[in-house]
Structure formats: structure tokens, C-alpha cells
Amino acid sequence: MINDHQYVADLHIHLGQTASNRPVKITAARTLTLENIIDYARTVKGIDIIGVIDCHVPEVLEGLKHSIESGEAYEWKGGGIRFPDVTLILGTEIEVYDEESLGPVHVLAYTPTWNAMMELSSWMGSRMKNPTLSSQRLYETSIVLQQKVKELGGLFIPAHAFTPFKGVYGKGVKQSMGEIFDLALIDGIELGLSADTSMADQVEELHHFPFLSNSDAHSLEKLAREYQILHLYEPSFQAFQSALRDKDKCSIVANYGLNPYLGKYYETTCAQCRTPMKGSACETCGSSKVVKGVSERLTELATASENNGKQRPPYVHQIPLEFIPKVGKRTLVRLREAFGTDMDILHQATFEQLCDVIPNHIAEAIVIAREGKATIKRGGGGHYGKMIGTE
């Protein structure tokens, strides 16, 4: 917890495997078990609320049921499952591909209770080829899925909305989410690692939706590379829902995310040789195969220069510790031993305190990154950008 009633929330975390070592997210690290995620969030990252988006898997649900029955955890009255110092919001990532869609799209659905996720899991299980895995194709229309999520008291949020692969704007529609979704049944928009608030607010139809910044973690170290700080009366599902609606004195205080330049899909690049591209053919290799960047796609979608309606919380560009040059595994261990969690290092430790633990030039790099003064080589084509110096 940052301070009274302010909670760090990362709501897009994958499972690599179940307790019996069966794979869930094929591309995720096998160390991403639910037990490890809860422990790492609490002791290393300083996250108060986690959204695990593979909770539809039957074995995961059985494990959660056992945790509740054994007293290891309990269901919060306002929704969510409470472990010591961490609230789990039950979520699932789903792939939809309507006839109206230009391509497959990923969405996130969250339910308030174990029973609701169990019902959603059973409903999806008859509409999926392999419901034991993550991010599977649902053979049902997007709007019917939205209606089912709402029937269960859940939240529906398009995932990494602008990315060229599986993002609703990047892959699924020509101009509007209304081409495949019921806009009235959308609770928020996940920006993804290559976009921030100012970029997304170029799209006028998004002005009335809250924005979420989540890690989409495929390893333990990737937890909280993006997150939000929420002001809540308690760390529960209902309070989070109220924060999305700016009700009951609950709100999103701030979004913390990568500088979009660091994202894997910020810049348009050649799919063949990864050279940044402008035009129809790569000047380096001549290929016409393109991975369109989020920045270019948002320029195409732009219908407004700024949001003149909804007051947005600040979006703070943050460079995760592992992105900072010279911050290797040993340095991370020393920092965490000295200051506690990554939240303490990123938000609280002064330059002088950092210098007591690590070399001055590394401490300076951390402070420069914190203050948004780093020079960054832009990412694109599926490859992250890099911090290469100072402005």
C-alpha cells in the first residue's frame, strides 16, 4: 500500500502452469504459479491487488476453492479473494473473432466471485477447444460474451487495445470498437505497453472510458512493469469497479507505465529486418512486409487532439528496474534487501540512499529514469526499446 487507502494494482498477470505442472500460458515462465505470483507480488514487487487472467482454468478454480476451504484465503464481501496482504481479482483473457472483425481480438473479463468465474468457465468451456489453456478462441459472438459477463456481475475490458496483434484497434476494427462490441458494455480500456493516455485520447470515442495500465506479465520479474494506483475504501472487486466509474470516493489516482518508446510495438518496422519504416517498402532490405506501430495506427485513428471532457489521472512514464542499464540480478538483490519492494525503490528511495547501496552511476541512472529524463531507443516489430542515456 502506498499510503492509507491507496493500493497498487496490476490486473493482467498470466499463469505459466498449474499446481500439478500442467501448462496454462504456453509462452509464460513455468515459475508463474498462482502461489509464486501472490508471494512475489507481496514481498518483492509491492503489489496490493493482482488480476490473474487465467482463472477460468478448471484446475486453477479447484485450487482456489481449496485455499478458501482450508482458511488460507477467503472471499471478500465486496468481491475478490483475499490472501495475506494481497487481493486476487479473478480474470480471464479470451480471444474473439466475429464475422464483423478484421482479425482475432483479445479481451479481459473479471468476475467478483469464485462462483461467477466457475459459471463463466463452464459456459466458455462448451465454446472453446481447449479451456485448460490461456487466451483461447471463444466460438461465440463478442456481444454475447459481453452480455454473459454482465449477467455475472463482471467487468469487460479490451486488452492491449492498440497492438498490431490481437488488439481491438490494432487488429479487429477499421475505426470504431462499435463494429464488434456493444460500447455500453465496456468498462475500461487497457492501453498496452506501447501507448499512454495522451496517445489514446486522440480517439474521441475513448474519452468516456477509464484507462488501465497493466503488465501483461509472462514472468515474475515482469510483474508491475505497468500498474495503477487506486484510491479505494477497501481492496475489493466492488471498490475497484467503483474506481473505474469514479464513484463512492474511489478513483484511479495515477497510471504508471512504460514510456511508450520502450514498447515492443511503438514504431512501424520492417517485419523482415526490423528497420524502422516509412512508406511501402523497406529501404534496407526492400521487403514490403510491415509490422505497423501503435504510434502510426493511432495517427490513423485520431479524431481529436485532446480529451476535453473526462479529467484523466496523470500517466507517469516509468522505466522498470530491469530496463535500466547495469541493474542486473545482483544489483536487484542488493536493492531489494536494502529497501524492501520495487515500489519502495521506485517511489521512496532517495539518490543518497541509493548511493549507500549501489555505485553512484547506477543510482544516477535510476533517478534519471524516475524523473523521465532518459534517452530511449524506440521499440518496434516485437522488440522492446532500450534506455541508452540521458536527455
**Q** Do the side chains of Lys150 and Asp187 get close enough for a salt bridge, i.e. N-O under 4.0 angstrom?
**A**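 Answer for the salt bridge query: yes.
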**Q** Short question: side chain of Asn259, backbone of Gln318 - any donor-acceptor pair under 3.5 Å?
**A**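 Between the backbone of Gln318 and the side chain of Asn259 there is no qualifying donor-acceptor contact (under 3.5 Å).
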**Q** Please confirm whether Arg42 makes a cation-pi placement over Phe83, using NZ or CZ under 6.0 Å from the six-membered ring centre and within 45° of the ring normal.
**A**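 Checked: cation-pi criterion not met.
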**Q** Do the side chain of Glu179 and the main chain of Gln175 share a donor and acceptor less than 3.5 angstrom apart?
**A**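 Indeed, once roles are kept as given, a pair shorter than 3.5 Å links the two residues.
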**Q** Considering all heavy atoms of both residues, which atom of Leu206 and which atom of Met177 are nearest to each other, and what is their separation?
**A**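 For Leu206 and Met177, the tightest heavy-atom pair comes out as CD2-CE, 3.8 Å.
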**Q** Could you check if a side-chain atom of Leu332 sits within less than 4.5 angstrom of a side-chain atom of Leu321, using non-hydrogen atoms only?
**A**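 In contact.
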**Q** For the backbone of Cys250 and the side chain of Asp248, can you confirm whether one donor and one acceptor N or O come within less than 3.5 Å of each other?
**A**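 Absent.
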**Q** Got a second to check how far Met277's CE is from Ser287's OG, nearest 0.5 Å?
**A**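 The OG atom of Ser287 is 7.0 Å from CE of Met277, to the nearest 0.5 Å.
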**Q** Is it the case that the side chain of Thr303 and the backbone of Glu204 share a donor-acceptor pair, with hydrogens and angles ignored and the cut-off at 3.5 Å?
**A**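 Yes.
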**Q** In Å, rounded to the nearest 0.5 Å, how long is the span from OG1 of Thr18 to CG of Leu34?
**A**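 So the gap between those two atoms works out to 10.5 Å.
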**Q** Looking at Lys222 and Glu322, does any basic side-chain N land under 4.0 Å from a carboxylate oxygen?
**A**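 A salt bridge is present here (some side-chain N lies under 4.0 Å from a carboxylate O).
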**Q** Testing the basics here: between Gly286 and Ala281, what is the closest heavy-atom pair and its distance to 0.1 Å?
**A**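 Shortest heavy-atom separation between Gly286 and Ala281 comes out as O-CB, 4.2 Å.
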**Q** Could you pull out the closest heavy-atom pair between Lys171 and Leu102, with the gap in Å?
**A**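 What the structure gives for the nearest pair is O-CB, 3.4 Å.
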**Q** Establish, for the pair Arg127 and Tyr139, whether the NZ or CZ atom is under 6.0 angstrom from the six-membered ring centre and no further than 45 degrees off its axis.
**A**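 No, a cation-pi geometry is absent between Arg127 and Tyr139.
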**Q** On a heavy-atom basis, which atom in Ala349 and which in Leu354 lie closest, and how many Å separate them?
**A**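 Smallest interatomic distance, heavy atoms only, reads CB-CD2, 3.9 Å.
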**Q** Before accepting this row, confirm whether a basic side-chain N of the pair Arg336/Glu221 lies closer than 4.0 Å to the acidic partner's carboxylate O.
**A**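 Yes, charged N to carboxylate O under 4.0 Å.
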**Q** Begin with the C-alpha distance, continue with both residues' side-chain angles, and end with the deciding distance and a verdict on side-chain hydrogen bond (donor to acceptor under 3.5 Å, both in side chains) for Ser213 and Glu226.
**A** CA-CA 5 Å; Ser213 42; Glu226 295 203 339; 5.1 Å; no
**Q** Given the side-chain rings of Tyr227 and His12, with only the six-membered ring counted for Trp, is the space between their centroids under 6.0 Å?
**A**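 When the ring centroids of Tyr227 and His12 are compared, they turn out to be at least 6.0 Å apart.
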**Q** For Gly293, does its backbone N or O pair with a side-chain atom of Glu296 as donor and acceptor, under 3.5 Å?
**A**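 Answer holds: no.
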**Q** Is any NZ, NE, NH1 or NH2 atom of the basic residue among Glu300 and Arg297 found under 4.0 Å from an Asp or Glu carboxylate oxygen of the other?
**A**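 Looking at Arg297 together with Glu300, the answer is yes, because their closest N to O distance falls below 4.0 Å.
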**Q** Would you say CD of Glu205 has more than 12 non-hydrogen atoms from neighbouring residues, nucleotides or ligands within 6.0 angstrom?
**A**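 Yes.
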**Q** What distance separates Gln241 CD from Ile89 CD1, expressed to the nearest 0.5 Å?
**A**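 Here the interatomic distance stands at 10.0 Å.
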**Q** When you measure from the side chain of Asn214 to the backbone N and O of Leu11, does any donor-acceptor pair fall under 3.5 Å?
**A**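 Confirmed, Asn214 side chain pairs with Leu11 backbone.
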**Q** Is the shortest distance from a Lys or Arg side-chain nitrogen in Lys148 or Glu119 to a carboxylate oxygen in the other one below 4.0 Å?
**A**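 Here Lys148 pairs with Glu119 in a salt bridge, since their nearest N and O are under 4.0 Å apart.
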**Q** For Gly63, does its backbone N or O pair with a side-chain atom of Ser67 as donor and acceptor, under 3.5 Å?
**A**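 Here the side-chain-to-backbone pair exists.
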**Q** Could you grab the distance from atom CG of Leu64 to atom CG of Leu88, nearest 0.5 Å is fine?
**A**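 The CG atom of Leu88 is 6.0 Å from CG of Leu64, to the nearest 0.5 Å.
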**Q** Evaluate the salt bridge (Lys or Arg N to Asp or Glu O under 4.0 Å) criterion for residues Arg312 and Asp201: first the C-alpha distance (whole Å), next the side-chain angles of each, then the deciding distance (0.1 Å), finally the verdict.
**A** CA-CA 10 Å; Arg312 294 286 185 196; Asp201 263 337; 3.1 Å; yes
**Q** Determine the interplanar angle of the Tyr315 and His317 rings, folded into 0 to 90°, and report it as parallel if under 30°, tilted if 30 to 60°, perpendicular if over 60°.
**A**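 If you compare the ring of Tyr315 with that of His317, the planes turn out perpendicular.
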**Q** Under the 3.5 angstrom rule, does the side chain of Ser295 hit a backbone N or O of Tyr266 as a donor-acceptor pair?
**A**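 Looks like yes, one N/O pair under 3.5 Å.
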**Q** Give a yes or no on whether Ile47 and Phe339 share a hydrophobic cluster (residues Ile, Leu, Val, Met, Phe, Trp, Tyr; joining criterion: side-chain heavy atoms under 4.5 Å apart).
**A**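 Yes; Phe339 is reachable from Ile47 via cluster members.
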**Q** Can a donor-acceptor pair be found, under 3.5 Å and without considering hydrogens, that links the side chain of Asp182 to the backbone of Ala184?
**A**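 Indeed, once roles are kept as given, a pair shorter than 3.5 Å links the two residues.
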**Q** Is Glu95 paired with Lys166 through a side-chain N to carboxylate O contact shorter than 4.0 Å?
**A**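 Counted as a salt bridge, because a side-chain N and a carboxylate O are separated by less than 4.0 Å.
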**Q** Quick one: are the ring centres of Phe181 and Phe156 less than 6.0 Å apart?
**A**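 Yes.
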**Q** Within this structure, what is the CD1-CD1 distance for the pair Ile319 and Ile366, rounded to the nearest 0.5 Å?
**A**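 If we round to the nearest 0.5 Å, Ile319:CD1 and Ile366:CD1 are 11.0 Å apart.
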**Q** Locate the shortest heavy-atom distance separating Pro104 from Arg137; write the atom from each residue and the value.
**A**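 Distance-wise, the nearest heavy atoms are CB-NH2, 4.0 Å.
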**Q** From the options Leu90, Asn115, Thr92, select the one residue that forms a side chain to side chain contact (heavy atoms under 4.5 Å, CB included) with Leu120.
**A**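 Only one of Leu90, Asn115, Thr92 forms a side chain to side chain contact (heavy atoms under 4.5 Å, CB included) with Leu120, namely Thr92.
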**Q** Just wondering, are more than 12 heavy atoms of other shown residues or ligands nearer than 6.0 Å to CD in Glu283?
**A**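 No.
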**Q** Would you name the heavy atoms of Asp98 and Glu140 that are closest together and state the gap between them?
**A**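 In this case the closest contact between Asp98 and Glu140 is OD1-O, 3.9 Å.
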